[in-house]
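One structure below.
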Protein chains: 2
Amino acid sequence: MIEPSGTIESMPVLKGSTIDPARTRAAILEAATPLLYERGLDGIGVAELCARLGVSKETLYRHFGTKDGLVQAMLEARSERVTRWMAEAVAAAGQDPAGQLAAVFDALQAWYDDPAFRGCAMLNAAAQHHVEPVRAITARHLDRYLDLLTGIAERAGAADPPVLGRQWLMLVEGATVVAAHHDAAGAGEHARRAALALLPAARTGPQG
Amino acid sequence: MIEPSGTIESMPVLKGSTIDPARTRAAILEAATPLLYERGLDGIGVAELCARLGVSKETLYRHFGTKDGLVQAMLEARSERVTRWMAEAVAAAGQDPAGQLAAVFDALQAWYDDPAFRGCAMLNAAAQHHVEPVRAITARHLDRYLDLLTGIAERAGAADPPVLGRQWLMLVEGATVVAAHHDAAGAGEHARRAALALLPAARTGPQG
DNA sequence: CCGAAATCGAACCGATCGGTACGATCTCGG
DNA sequence: CCGAGATCGTACCGATCGGTTCGATTTCGG
């Protein structure tokens with residue numbers, strides 16, 4: 001999803017894996033993720049999913065118990081992966097909070113430009129399955145994102161870091177929505193400029 | 001959806017309607033809207049839908065041809081209704097662009113506080129049915145919203161109204177996402193303060 | 001008052017889907 | 001080399017769903 005995550009192949013993804021349950025489970029998770037993301041949680045059945053994965057239904061059900069079990073495990077893994085990826089982008093941006101903030105939206109723009117981009121997987125999932133576990137995973141995902149942004153707000157010396165972090169979170173999610181459902185071009189850049197404008201001091205240099 | 005739109009009753013909604021096709025169609029549309037919004041497009045079947053509406057399946061299919069037909073007609077109507085409702089809120093806010101902008105987010109907060117609030121119906125629908133017509137309706141909905149906000153940006157004397165309108169649109173959609181999936185409290189207010197901070201001049205008085 | 005149109009209610013159909021069962025095959029540790 | 005467990009492939013099951021059909025009933029325009 002985030003990094004160009006491999007287009008959808010039509011053939012088995014599991015190979016080389018000897019009989020190692022843990023590895024099988026991880027491989028299923030990894031291979032199922034882009035399929036469920038592209039087609040939607042209900043857009044692909046267990047049968048086709050298994051066929052594409054090169055895995056029997058019995059194996060899938062032994063590891064995840066239920067389709068919902070697979071979905072939830074997939075969403076958890078994806079949320080953690082996205083959060084870690086974004087945290088690394090921030091960490092790689094140096095010490096300046098403004099630079100860190102800019103890095104967030106530049107990373108988002110790169111994601112939007114991926115042809116496989118189809119919006120936030122957690123939000124999409126929550127819109128489809130409004131069962132409680134999925135909603136909880138989505139809420140936790142937003143929590144993680146909010147923590148990251150609030151941290152930047154704190155280091156930027158904001159008067160009210162939680163509120164500023166929340167406003168930035170709205171820009172992040174709003175930019176993702178607009179990019180997914182309206183126009184991806186420049187969405188990250190426009191959101192970034194808005195986010196920087198909310199910084200306490202205008203220490204942002206050239207806003208190009 | 002927007003105005004407290006009537007909680008879900010368990011019994012027929014169609015009454016008094018003599019045999020008047022146009023009225024029947026409108027009544028079905030109106031009664032089906034909150035059900036499809038609350039349960040999700042695939043969360044309620046045609047059978048239960050008809051039972052709740054007090055309408056036979058044949059009648060529904062004669063008017064809408066298909067469940068997708070009903071869904072699309074419902075989304076179109078809802079998008080227009082929401083846009084009109086928001087435009088009226090803006091018009092009622094007087095001449096000051098800052099006041100108009102504040103009115104947008106105050107209206108949103110009132111929506112978020114409705115117990116029936118479950119996020120933007122168009123975005124939810126697009127996340128479920130990624131068929132083309134639904135995506136087109138969603139895109140058109142964002143277009144309408146963008147026009148409204150860009151108009152405010154123009155009247156506010158923004159250097160680049162389309163970009164500012166788009167940034168405001170991100171705040172609108174972002175606030176809605178956060179309110180729906182994280183925490184509705186204060187979402188509209190925080191988004192409003194961020195939006196006002198993006199105004200060219202700080203003509204916004206007390207930012208309470 | 002009659003016939004066309006609208007509606008109802010219920011039965012029905014074919015397809016799909018999530019999940020289970022089972023025998024055959026494969027792999028690895030002891 | 002053998003037995004336990006993982007995997008496969010396939011067939012199968014029950015439920016649900018979207019959509020159709022049809023006879024009976026109601027309503028309204030002419």
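Residue numbers begin at 1 in each chain, while the letters A, B, ... track the order of the sequences.
- In this structure, B/E48 pairs ionically with B/R52, as a charged nitrogen and a carboxylate oxygen lie closer than 4.0 Å.
- With hydrogens and angles ignored, a donor-acceptor pair closer than 3.5 Å exists between the side chain of A/K57 and the base of C/dG19.
- Using cut-offs of 30° and 60° on the angle between ring planes, the pair A/W111 and A/F117 is perpendicular.
- Look at CG on B/L49: it is 12 Å from P on D/dG19, rounded to the nearest Å.
- Nearest to the side chain of A/E58, among C/dC22, D/dT7, C/dT7, sits C/dC22.
- With a 4.5 Å cut-off on side-chain heavy atoms, A/T150 and A/W168 do not count as touching.
- Rounded to whole angstrom, the span from the CG atom of B/L60 across to the C1' atom of C/dA6 amounts to 14 Å.
- When rounded to the nearest whole Å, the span between CG of B/D42 and P of D/dT16 equals 16 Å.
- Following rounding to the nearest Å, B/E48 (CD) and D/dA15 (C1') show an atom-to-atom distance of 15 Å.
- Closest-nucleotide positions on DNA chain C for A/G65 and A/G43 were compared, and the one nearer the 5' end corresponds to A/G43.
- Remark: B/S56 is not in phosphate contact with C/dA10, judged by side-chain N or O atoms under 4.0 Å from OP1 or OP2.
- Remark: P of D/dA6 and CD1 of A/I28 are 13 Å apart, rounded to the nearest angstrom.
- The pair B/E189-B/R193 meets the salt-bridge criterion, since a charged nitrogen lies less than 4.0 angstrom from a carboxylate oxygen.
- Between C/dT7 and B/H63, a contact under 4.0 Å exists linking OP1 or OP2 to a side-chain N or O.
- Applying the 4.0 Å criterion to OP1 and OP2 of D/dG18, one finds that B/T66 has every side-chain N and O outside that range.
- Between the P atom of C/dT16 and the NZ atom of A/K67 lies a distance of 15 Å, rounded to the nearest Å.
- Side-chain atoms of A/H190 and B/R166 form a donor-acceptor pair, as typed in the model, at a separation below 3.5 Å.
- Nearest to the side-chain atoms of B/T59 among the listed nucleotides C/dC8, D/dT7, C/dG19 stands C/dC8.
- Spacing between atom OH of A/Y61 and atom P of D/dT10 amounts to 18 Å, rounded to whole angstrom units.
- Listed candidates were D/dG19, C/dG18, D/dT7. Nearest to the side chain of A/R62 is D/dT7.
- Atom-to-atom, CZ of A/R23 to P of C/dC26 comes out at 22 Å; the value is rounded to the nearest Å.
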